[in-house]
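Report on the following structure.
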Amino acid sequence: MKYLLKNITKCLKQISFCRRLCSDVKSGSDSQRSSMVNVLSVAEKNDVAKNVANILGAGAVRVRNGLSPYNKCYEISVRHQTLGDCRMVMTSVCGHLFNYDFTSDHKKWWSCEPKSLFQAPIVQTCNDSNQRIKSTLEREAKRCQVLIIWTDCDREGENIGFEVITVCRAANPRLDIFRAHFSEITVPAINRAFNALNRPNKKVSDAVDVRQKLDLRLGAAFTRFLTLELQQMRPQMKDNKNIVSYGSCQFPTLGFVVDRFKQRENFVPQKFWSIDVHYKKDGINANFNWKRVRVFCEQSCLAVMTKVMDSPEAVVTHINTRRRSKWRPQPMDTVTFERSVSSKLKINAKKAMGIAEKLYTSGFISYPRTETNKFAPELNLTNYCQIQTASPIWGQFAQRVLTNGPNPRNGTKSDQAHPPIHPTKYAPNLSGDDKRIYELIVRHFLASLDKDAVGYETTIDICINEEFFSLSGLRIEEKNYLEIYIYDKWTDKEIPRFNQNERFIPDSIMMTDGQTTAPELLTEAQLIALMEKHGIGTDATHAEHIEKIKERHYITETPDRRLKPEGLGVGLVDGYDEIGYQMSKPNLRAALEKDLKDICDGIKNPDVVLMSQISEYEKVFNESIKHKTKLFEAVVRKL
DNA sequence: GCAAGGTC
């Protein structure tokens, strides 16, 4: 009885404390607290927890192990303007804690009709390593009165936040829960976030739930259907590795590749005609280009040509010299890294990310998964430049950057967690692709801190019997960043000197012809750009989706590193196009994104969106079954 | 055996 009373009193105290806290935070008052508040803070990854704790604790941090090896607990003392003096434990998760899956009766491929996966029950599962993290959260939550969510400030982060909340609240229902909003890990940003706590946004988290459930149901239903049906038609495909999958990101990615391939296949070359004027002066060749560039009618070109030849004297009508800059690169984010590596080093994005990961864990470079393309003022760029002066290859350049003072051409993007990719240690003993990638990162880093290249472009306009032609030359004045960034080319183009109103008879005036050429197949760098533009996948997943559709034999890479669809890829796109559903077009995913945004904005109800999306796709699924002959004939035709 | 999204 005594024990019970004590507990009730404790509970009552807690309740009144929490109420007070709520109203205080809302009103922003600054009343005194008599006792310390125990606060649990949870970030999305260990790095963030560590850095935030360091800032809030002003360097006085006690570290102890959590139950998972990667997620430490950082203990600090910190004063909050309304909570008062806090004893804070800052820990982290590793992204999502839970994953959706079907229950055992629907997990086996032959256990049910694929169609039933649209309505089958799904449950949240937690794998072993996440189970350890979950246990840490439960243990810590029991000792606290306040929980602050410090996950990344994006949609997925909000959802991860609610996973944390679910776990912590189950362990301690009396927790008062807040959300910190920050866009970078700097002293002012973190202190501001800590003193302007909000409530977590359930709507944003709900939107992610809808995406997760939808992706699982659609992915599983269509993948099983496509795989099993094709195996029936083509028993030789019965190898277990021959999965024919559908995914809301895979299909549009495939669509881009097929689209370009078809543009190329269906391309009809067009003949065109043009006029070139050539004149050699002071031993320098000058080739003037026609202002009309080219025309697609031979007769009209001939007419102009005749007119020009009638009175072929040229008059210099205009001379213009202007200063041109070639911009140094912006600090490197993941997408820039993937695209650069793919186009400049000819190493594919997936492999490059693997190498970057390795360089990161070896301490040679900063964290490679970042959306940030500006250096925070706190980052000691001088130090990182200094380290590179040891190099016999770019050491001198690094020294010059130091002498001039690092001057980054900052972009505008920032995730809240990581700086742009930059070297952190000098690495003279690397070899092979590791070495080439490290070198690219160093050169990009130093280039982004140097000055733009400067040149002067001179344009000479001439007129020959009322037709205009022009010539331009370039004189590079200062190479600056180009000296280190060997991947950018900018070359001088020498032209003769002319004077205003100067007259001359060209050495030759020629009518030329040619024909338009088909667009090239996509490069990986271009595909990543398309995916980014249409919102297919995220920075962290672009390379994975491309790799996935290679693995599925939907596309392949040509010897000159272009992406070409295989028969299966074209067949799938055609098959769905033929039965009237453009499953490979990015607009389906875009429509979902719009719905998700409406859920976040409170315009749409998540359950309604989920139900209507499921029923839309169920319709497509039923039609696929109904027209499966047509669908698979289109596929098989291309195999 | 299936998706996409986090992160180690």
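Chain naming here is simple, since letters A, B, ... match the order of the sequence lines and numbering starts at 1 in each. As the structure is a computational prediction, the values presented were derived from the model and not from experiment.
- With 3.5 Å as the limit, one finds a donor-acceptor pair spanning the side chains of A:Asp215 and A:Ser248.
- When distances run from any side-chain atom of A:Cys94 to the nucleotides B:dT7, B:dA4, B:dC8, the shortest one goes to B:dC8.
- The distance from atom CD of A:Gln231 to atom C1' of B:dG1 is 9 Å, rounded to the nearest whole Å.
- Scanning for salt bridge (charged side-chain N to carboxylate O under 4.0 Å, His left out) contacts around A:Lys626 gives A:Glu623, with sequence neighbours left out.
- Within 4.0 Å (heavy atoms only), A:Arg155 reaches no atom of the nucleic acid at all.
- A donor-acceptor contact closer than 3.5 angstrom links the side chains of A:Ser342 and A:Glu524.
- Residue A:Asn159 contributes atom CG, which lies 9 Å from atom C1' of B:dG6 at whole-angstrom precision.
- As judged by a 4.0 angstrom heavy-atom cut-off over every strand, A:Gly537 is placed among residues touching the sugar-phosphate backbone only.
- One atom, CD of A:Glu158, and another, P of B:dG6, lie 14 Å apart when rounded to the nearest Å.
- Distances shorter than 4.0 Å separate none of the side-chain N or O atoms of A:Tyr367 from OP1 or OP2 on B:dT7.
- Using a 4.0 Å heavy-atom distance criterion, A:Gln212 is classed as a base contact.
- Across the protein-nucleic acid pair, A:Leu592 atom CG and B:dA3 atom C1' stand 13 Å apart, rounded to whole Å.
- Going from atom CD1 of A:Ile122 over to atom P of B:dA4 covers 16 Å, rounded to whole Å.
- When distances are taken from the side chain of A:Glu357 to each of B:dA4, B:dC2, B:dC8, the shortest belongs to B:dC8.
- For the residue pair A:Ser245 and A:Gln250, a side-chain donor N or O sits within less than 3.5 Å of a side-chain acceptor on the partner.
- Taking side-chain N and O atoms only, A:Ser245 has a distance below 4.0 Å to OP1 or OP2 of B:dA3.
- Residue-to-nucleotide proximity on DNA chain B shows that, of A:His96 and A:Tyr246, the 5′-proximal contact is made by A:Tyr246.
- Regarding A:Tyr100, its OH atom lies at a distance of 18 Å from the C1' atom of B:dC2, rounded to whole Å.
- Comparing atom distances between the A:Ser248 side chain and each of B:dA4, B:dT7, B:dA3 picks out B:dA4 as nearest.
- Among the heavy atoms of the strands lying under 4.0 Å from A:Arg369 is at least one base atom, whether or not backbone atoms are also near.
- Close to B:dC8, at under 4.0 Å from its OP1 or OP2, lies no side-chain N or O of A:Arg132.
- Between B:dT7, B:dA4, B:dG5, one nucleotide has an atom nearer to the side chain of A:Gln250 than all others, and that is B:dA4.
- Contact annotation: A:Thr538 reaches the phosphate of B:dG6 (side-chain N/O to OP1 or OP2, under 4.0 Å).
- Take A:Tyr576 and apply the ring-ring contact (aromatic ring centres under 6.0 Å, His included) test, not counting sequence neighbours, and it matches no residue.
- Which of B:dG6, B:dG1, B:dA4 sits closest to the side chain of A:His545 comes down to B:dA4.
- For A:Cys249, whose side chain is taken as the heavy atoms from C-beta onward, the closest listed nucleotide among B:dC2, B:dG1, B:dA4 is B:dA4.
- We find that CD of A:Glu544 is positioned 11 Å from C1' of B:dT7, with the value rounded to whole Å.
- Across all strands shown, A:Asn99 has heavy atoms under 4.0 Å from base atoms, whether or not it also approaches the sugar-phosphate.
- When ring centroids are compared, A:Phe256 and A:His534 come within the 6.0 Å threshold.
- Nearest to the side-chain atoms of A:Arg224 among the listed nucleotides B:dG6, B:dC2, B:dA4 stands B:dC2.
- Taking atom CG on A:Leu216 and atom P on B:dA3, their separation rounds to 10 Å, with Å as the unit.
- Counting non-hydrogen atoms under 4.0 angstrom, A:Asp101 reaches a base of the nucleic acid.
- A side-chain contact (heavy atoms from CB on, under 4.5 Å) with A:Ile160 is found for one member of A:Thr151, A:Ile165, A:Val208, A:Asp152 and no other, namely A:Thr151.
- Nearest-nucleotide assignment on DNA chain B puts the 5′-proximal partner with A:Thr223, out of A:Thr223 and A:Asn127.
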